[in-house]
Amino acid sequence: GEDGYRHYSVWPRSTLFSYYNTSDGLSIFQYDGIDEAGELEVPETIDGKAVVGIEKEAFFNTNFSKIQLPDTVTEIGDFAFSCSDELTSINIPASVVSIGKSIFSECYKLTDISIADENENYKVQDQVVYTKDGRVLVTCPTAGVASIPSTVTRIADYAFFENINLKSIVIPESV
């Protein structure tokens with residue numbers, strides 16, 4: 001009421017994404033919607049500011065089948081999409097310069113990971129994400145067989161974490 005004391009600020013929301021300001025734009029740290037079926041398109045802007053980051057566990061345990069990231073996103077945090085039981089498809093845009101640890105752990109239905117050809121930092125081959133130069137295996141969330149190319153010299157932390165499909169792995173001497 002008019003004479004009630006409120007010790008916190010309340011403002012109307014324009015989005016179902018929780019975010020914070022960064023020096024470059026906004027970084028999403030949580031999806032607050034109830035409807036998690038089907039496809040989710042993360043907006044390029046929220047309240048006139050560019051969405052540049054997807055924080056650690058931002059979409060943890062959501063049930064979207066496909067997530068479309070905007071070309072403004074530059075960073076994806078650790079475990080960003082982990083435990084997303086229904087996720088089958090995701091496209092990582094050319095703008096992404098940093099991918100955290102095990103971003104797809106426990107995404108057991110994920111069969112379509114794509115990375116824009118124009119991305120200068122990452123590529124995908126046989127559903128395994130590598131750095132563009134092929135030196136680091138970043139993540140292998142669902143592949144049943146991992147035959148690591150001899151260009152790989154390092155395997156990122158948690159690269160095979162919770163990959164229940166993995167039946168065989170060949171690690172070259174270059175690692």
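- A single hydrophobic cluster is seen to contain both L26 and L16, as judged by linkage of ILVMFWY side chains at heavy-atom distances under 4.5 Å, directly or through other members.
- When the shell of 6.0 Å around CD of Q68 is examined, it contains more than 12 heavy atoms from other residues, nucleotides or ligands.
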- [ ] I would like to know whether I169 and I148 meet side-chain contact (heavy atoms from CB on, under 4.5 Å); could you show each step before the answer?
- [x] CA-CA 8 Å; I169 182 169; I148 301 172; 4.2 Å; yes
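- Across all non-hydrogen atoms, the minimal contact from G100 to D78 is CA-OD1, 3.2 Å.
- No donor-acceptor contact under 3.5 angstrom links the side chains of T72 and E44, judged on distance only.
- Under a cut-off of 6.0 angstrom, the local environment of NZ in K123 is crowded, with over 12 non-hydrogen atoms contributed by other residues, nucleotides or ligands.
- Of all heavy-atom pairs spanning S174 and V152, the tightest one is OG-O, 2.6 Å.
- Atom-to-atom distance recorded for S95:OG and I92:CD1 is 10.0 Å, nearest 0.5 angstrom.
- In this structure, CD1 in I113 is found 8.5 Å from SG in C107, a value given to the nearest 0.5 Å.
- Contact record, L137 with F160: CD1-CZ, 4.1 Å, taken as the closest heavy-atom pair.
- A donor-acceptor pair under 3.5 Å links the side-chain atoms of T151 to the main chain of G134, judged by distance alone.
- Annotation: side chain of I164 is in contact with side chain of Y108 (closest heavy-atom distance under 4.5 Å).
- Note: the hydrophobic cluster containing V175 also contains V128 (ILVMFWY, side chain heavy atoms under 4.5 Å, direct or indirect links).
- Legend: residues meeting salt bridge (charged side-chain N to carboxylate O under 4.0 Å, His left out) with E162, ordered by chain and number and at least two apart, are absent.
- Not one N or O on the side chain of N165 forms a donor-acceptor pair closer than 3.5 Å with the backbone of A143.
- Using cut-offs of 30° and 60° on the angle between ring planes, the pair F64 and Y31 is perpendicular.
- I46 and L40 fall within a single hydrophobic cluster, where Ile, Leu, Val, Met, Phe, Trp and Tyr are joined by side-chain heavy atoms under 4.5 Å apart, directly or via other members.
- Remark: side-chain polar atoms of S168 are not paired, donor with acceptor, to backbone N or O of V145 under 3.5 angstrom.
- Rounded to the nearest 0.5 angstrom, F104 CZ and I90 CD1 are separated by 4.5 Å.
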Task: Test log, rule side-chain contact (heavy atoms from CB on, under 4.5 Å), inputs V136 and I155 - done: CA-CA 6 Å; V136 179; I155 298 172; over 6 Å; no
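- A donor and an acceptor atom, one from each side chain of D133 and Y122, are nowhere located under 3.5 Å apart.
- N163 places a side-chain N or O within donor-acceptor distance of the main-chain N or O of C140, the cut-off being under 3.5 Å.
- The side chain to side chain contact (heavy atoms under 4.5 Å, CB included) test with E106 is passed by exactly one of S84, S82, P141, C83: C83.
- Between Y158 and F79, a ring centre-to-centre spacing shorter than 6.0 Å is recorded.
- Here the side chains of V51 and T45 are not in contact, with every heavy-atom distance at 4.5 Å or above.
- Here side-chain hydrogen bond (donor to acceptor under 3.5 Å, both in side chains) pairs that include residues 109-120, with residues two or more places apart or in two chains, are E86-K109, S89-D112, N91-S114.
- With a 6.0 Å radius and a threshold of 12 heavy atoms from other residues, nucleotides or ligands, D85 has its CG atom above the threshold.
- For the pair I76 and L69, the minimum side-chain heavy-atom distance is below 4.5 Å.
- P149 approaches P172 most closely through the heavy-atom pair O-CG, 3.5 Å.
- Here T62 contributes atom OG1 and L87 contributes atom CG; the two are 7.0 Å apart, rounded to the nearest 0.5 Å.
- How far CD1 of I54 is from CD1 of I28: 4.5 Å, rounded to the nearest 0.5 Å.
- No side-chain donor from either of E55 and Y19 sits under 3.5 Å from a side-chain acceptor of the other.
- V129 and F59 fall within a single hydrophobic cluster, where Ile, Leu, Val, Met, Phe, Trp and Tyr are joined by side-chain heavy atoms under 4.5 Å apart, directly or via other members.
- For the atom pair N121 CG and I115 CD1, the distance stands at 10.0 Å (nearest 0.5 Å).
- Transitive grouping of hydrophobic side chains (ILVMFWY, heavy atoms separated by less than 4.5 Å) brings V96 and V42 into a common cluster.
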